[in-house]
Each structure stands twice: as structure tokens, then as C-alpha cells.
Amino acid sequence: MDASTPSFRAQCFINGAWVNADSGATLAVNNPATGEIIGHVPDMGANETRRAIEAAAAAFPLWRDTPVAQRAQILRRMGQLMLEEQERLARIMTIEQGKPLAESRGEIAYGASYFDWFADESRRIYGDIIPGPADRRLFVIQQPIGVVGAITPWNFPNAMLARKMAAALAAGCTMVAKPSELTPFSALELADLATRAGVPAGVFNIVTTNDAAVVGGELTHHPLVRKITFTGSTAVGRLLLEQASEHIQKCSMELGGNAPLIVFEDADLDRAVAGAMATKYRNAGQVCIAANRFLAHASIADKFAEKLAAASAALKVGDGLKDGVAIGPLISPAAVEKVERHIADAVAHGARLLSGGARHALGGTFFQPTVLTNVSADSLICHEETFGPVAPIMTFQTEEEALRLANATPFGLASYFYSTDIARVFRVAERLETGMVGVNETAISTAIAPFGGVKYSGLGREGSRYGVEEYLEKKYICLGGMKSSDDMK
Ligand code: ADP
């Protein structure tokens, strides 16, 4: 590591203090680009998690009752601090996660935008007055749900936590967060920035662990935790939902995807290729809304595939800290094995390799950007999230067939299509079974719009004015004994 290597926080943050695991145990974190161990964080368990929950519960009344203008100011300051520290935070992210530095910078700005957005939303947590019988007045107020348990993944180590934290704190909730064991350092930085922004002790706590099941178990089995917010795999989401049933915790789940990208015969082909490149290779394809399957109309499929293969082959693979690198390493050897399995299975089902298809000469977990054509809908790659730099192209003849193929999955996070026919744009957008649809655009994530899925892709929405609702309870207040004006005569 050179002189520009940032330092890494080696402790967890509970009740306003930096602490070690009770046992002193730690877990090692590595740089996926080099395999080098970059530092250690505490390997905590149930006891530390319980203490964090109790601290969050103790801090809740103070934070709930903090004047909303003050809460908004703290959240806005948090976003500003992230931008002030963008370069340092981006380097930490690239070193622990692998993504190119330009993408890390973008993620920090994206994460900061949630604090800015929810700072404003915190001021708009309105209630209702319901017209009722003459002798009553009916009101609805919205109140923070309480302590939130947040579990986040490694692919966006800052933004996946920032968008939960910003919304929860805006609502007046307190939080115990468990980041991925693969990328804890970016999350720990958020605790430091929160303190500097003025977030009181106990309001935001972070527990790192090598045993996610133990910490997740404590968060879901503790009656003081009233809400679980999770981003990760459908399998773990399902488990957490089961566990959360014990104390009827409210749940938000951002789970796996299997996004189709459809290119219709009337598409602007160059725009479709540019959009495909952006969604497929960002973060080496390790994105839940990355296009996983490409469906091209038979009349333009060859042309689309050729252009995509040429653009893919031109991408530079390497260490994300190096200039000009567009694709970093995959997160782990297991991730590479899954990509290889998907390619081998697609080829066994008749697919043709147009570019890439193998590990990169750099070794480690670097993989070549890959384009496959003539892919069969029966291939594994069409049914499982690949989470790697592989673009499998299928063909279709009619709009009906495209929709049938696109919807032939239990997942429903994002979908994309390219068309210049305005009637088709509405028809197809309305029939795609996903929570988000990008039309002639794949860069759809923003703090101001609702992010979330349907079917196996999850429950609830993050970002936008809907995002804060996930952390609120509605309370109906019935005021009786009111006299109508007739009674007063
Ligand atoms: P991915 O496949 O993207 O790593 P996971 O769902 O395995 O997705 O991981 C997402 C997050 O869930 C990580 O923070 C991980 O540590 C956590 N996690 C994994 N297993 C469990 C579990 N049994 N209970 C709670 N959290 C878990």
C-alpha cells in the first residue's frame, strides 16, 4: 500500500463509543484486487448486539423528540461531510470492495444525496384530519417506529446503508446496523461522520461480525427492535422475515433481481448499447438491478450483439485504483465460480461466445467482460442472478413473446427496454412485473424516486417520499365528546 492509502477504523461504534468485541476477536478484511489483508474489525456476537439495541432504545425518546428542524440540519450536515470527505471515502471503498475509483466517488455522492433528500423529507411527515361524525374529530399522526435493525451487503457498502440510515433517522428512529463482513470499513466511516454531524450517542450504532446469523438472530429476536431493513439475497431475506415474525417486526426487504433488458426493433440501437454497457458492467455486474438477461428482437439481434461485444472487449479490467479501469475484480472466488458455471451452462445449452468468457490474465478474481448470443431461455443464467460481467442475449419475434420471457421469473426488481414507439412504451412498461422500469435509460437509481421490487425481489421502497414511510407508524386519534353547533343553540 502506498502513502495515499487511507487508514481504516478498526472498532465498532456502540452508544457513542468506539469499542472492541468482548472476546477481543477480530475478522480480517481483504482487498479483492490484491488479496492483501487491509485491516481487521471486531468480530462481535449477541451480547454486543444486545447492548447496541439497548443503547438505540435508550436514545430513541431524545431523537424522536428532537425538533424536526434540528434533525434536518444534522442530516443535511451529514450529507455535506460525506461530500467533503468524498475522495478519502472513495479510496476506502475501492480498496475493500474493488470497484473503480470513479464509481466509488459516484457512490459517495449518491449516498450523500439520501441525507440531503431525507433532511427535507423529515420536515414533511404530515398527518391527516378525517371528516367524521359531528360529535367527534378524527386525526392521523405519523410517529417513528422505534429501534431499527439494518443489515446491508458488500456491493454498495456506503449507499445501501446511507439510504436506510438517512430515512430512519429522518423519521426519528434510531438504528443498529450490521454491514457486510466483506466491506465493514465504509460503514464504520458513516458512524464517525454521523457523530461529527451532531447525531447524538446511541442513535446510530454499528456492529461488525463474522457470524451474520448470530447478529441477525439477535436483531430479529429482540423485542425492542421494531423494524428490520435488509438488502441482500432472497434466501437471507426469507429467513429474516421468518425470524421477524416472532415479535411482528415491520420489514423492508431489497432482495435479488433478474432484470431483463429488451431491445425492440424500433429502438435507437446505439442508445441501447450504451445503456446495456452501463447497466451490465457497473461494479463488474455485481448490482441487484444490473441487466441479467438481454432480449433482442430477431431483426436487430446480430447487430446489437456485435456492437455490445465490441464495446465490451474495449473495457479495461484491473485494480480499481488505477486510471482508466472500468471493471475491477469480483468480490470473491465463489463469485468467479458462479460466473464460470453460468457461462458453461449457457454454452452447453447452445450459446455462442462473442467476447470474453474466461478469467482475466491478471488472475485473482478478475474476469473478462463477456457477451453470449443465441442463449436459450432454459439456461441457468436466465433464472439466477449472475452478479458478474456477463451479457447473455436471447432473441424474440413479437412483443408478446418478449414480455412472456421478461416476466418468466419469480424476481421483479428492475427491467429495462428500448423503443421509440410511444404506444409500446406505455403498453410494455405497464405489463413488466417489476418495481422499477427504465425506458430508453438504465441509470434509474436516484434518491428522489422509489427503489424496490415486487415478487421475490422484496417488500417496501427506499428513497423518495415513500422511503420515510417504512420507518413510520400511523396513529389514529379519535377525539370524542365534541358538540355540534346545533347542540349549542
Ligand atoms: P450476498 O449474496 O449479496 O452476499 P447475503 O444475503 O448473503 O447477500 O448478504 C447480505 C447481508 O446479509 C450481509 O451483511 C450478510 O452478512 C448478511 N447475512 C448473511 N446471512 C445472514 C443471516 N443468516 N442472518 C442475518 N444476516 C445475514
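Position 1 is the first residue of the sequence, and the numbers go up from there. Numbering of ligands and ligand atoms starts at 1, following listing order.
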Pair Glu107 + Lys99: basic N to acidic O under 4.0 Å: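 Salt bridge between Glu107 and Lys99, a charged N being under 4.0 Å from a carboxylate O: yes.
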Least distance between heavy atoms, Phe366 atom then Ala33 atom: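 That would be CE1-O, 3.6 Å.
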Closest contact, heavy atoms only, Glu96 versus Phe185: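 Smallest interatomic distance, heavy atoms only, reads OE1-N, 2.9 Å.
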Looking at [options], which hits side chain to side chain donor-acceptor pair (under 3.5 Å) with [X]?
X	options	value
Gln97	Asn158, Asn283, Asn31	Asn283
Arg50	His221, His222, Glu218	Glu218
Thr220	Gln243, Glu246, Glu242, Gln249	Gln243

Identity of the nearest option to atom 7 (O) of ligand 1, non-hydrogen atoms only, from Pro184, Gly232, Gly217, Ser233: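 Answer by nearest heavy atom: Ser233.
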Selection from Gly149, Ala334, Ala213 by shortest heavy-atom distance to atom 22 (C) of ligand 1: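 Comparing heavy atoms across Gly149, Ala334, Ala213, the nearest one to atom 22 (C) of ligand 1 lies in Ala213.
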Closer than 4.0 Å to some heavy atom of [X] - which atoms of ligand 1 meet that?
X	value
Glu181	15 (C), 16 (O)
Lys178	14 (O), 15 (C), 16 (O)
Leu239	23 (N)
Ile151	11 (C), 12 (O), 14 (O), 17 (C), 25 (C), 26 (N)
Thr152	11 (C), 13 (C), 14 (O)
Gly216	25 (C)
Ser180	14 (O)

Atom 3 (O) of ligand 1: nearest protein contact (heavy atom, Å):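 It is Trp154 NE1, 3.5 Å.
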Ligand 1-proximal atoms of Val215, by part, heavy-atom distance under 4.0 Å: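 For Val215, no heavy atom sits under 4.0 Å from ligand 1.
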Test ring-ring contact (aromatic ring centres under 6.0 Å, His included) applied to Phe387 and Trp154, step by step: CA-CA 12 Å; Phe387 242 54; Trp154 51 263; 5.8 Å; yes
Any donor-acceptor N/O pair, Glu441 side chain to Ala443 backbone, under 3.5 Å: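 Flag set: sc Glu441 to bb Ala443 pair under 3.5 Å.
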Parallel, tilted or perpendicular, as decided by the 30° and 60° cut-offs, for the rings of Trp18 and Phe13: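 Rings of Phe13 and Trp18: tilted, as their planes differ by 30° to 60°.
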Atom 20 (N) of ligand 1: any protein heavy atom closer than 4.0 Å: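 Given the 4.0 Å limit, the answer for atom 20 (N) of ligand 1 is yes, a protein heavy atom qualifies.
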Proximity flag Phe230 to ligand 1, non-hydrogen atoms under 4.0 Å: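 Flag set, Phe230 near ligand 1.
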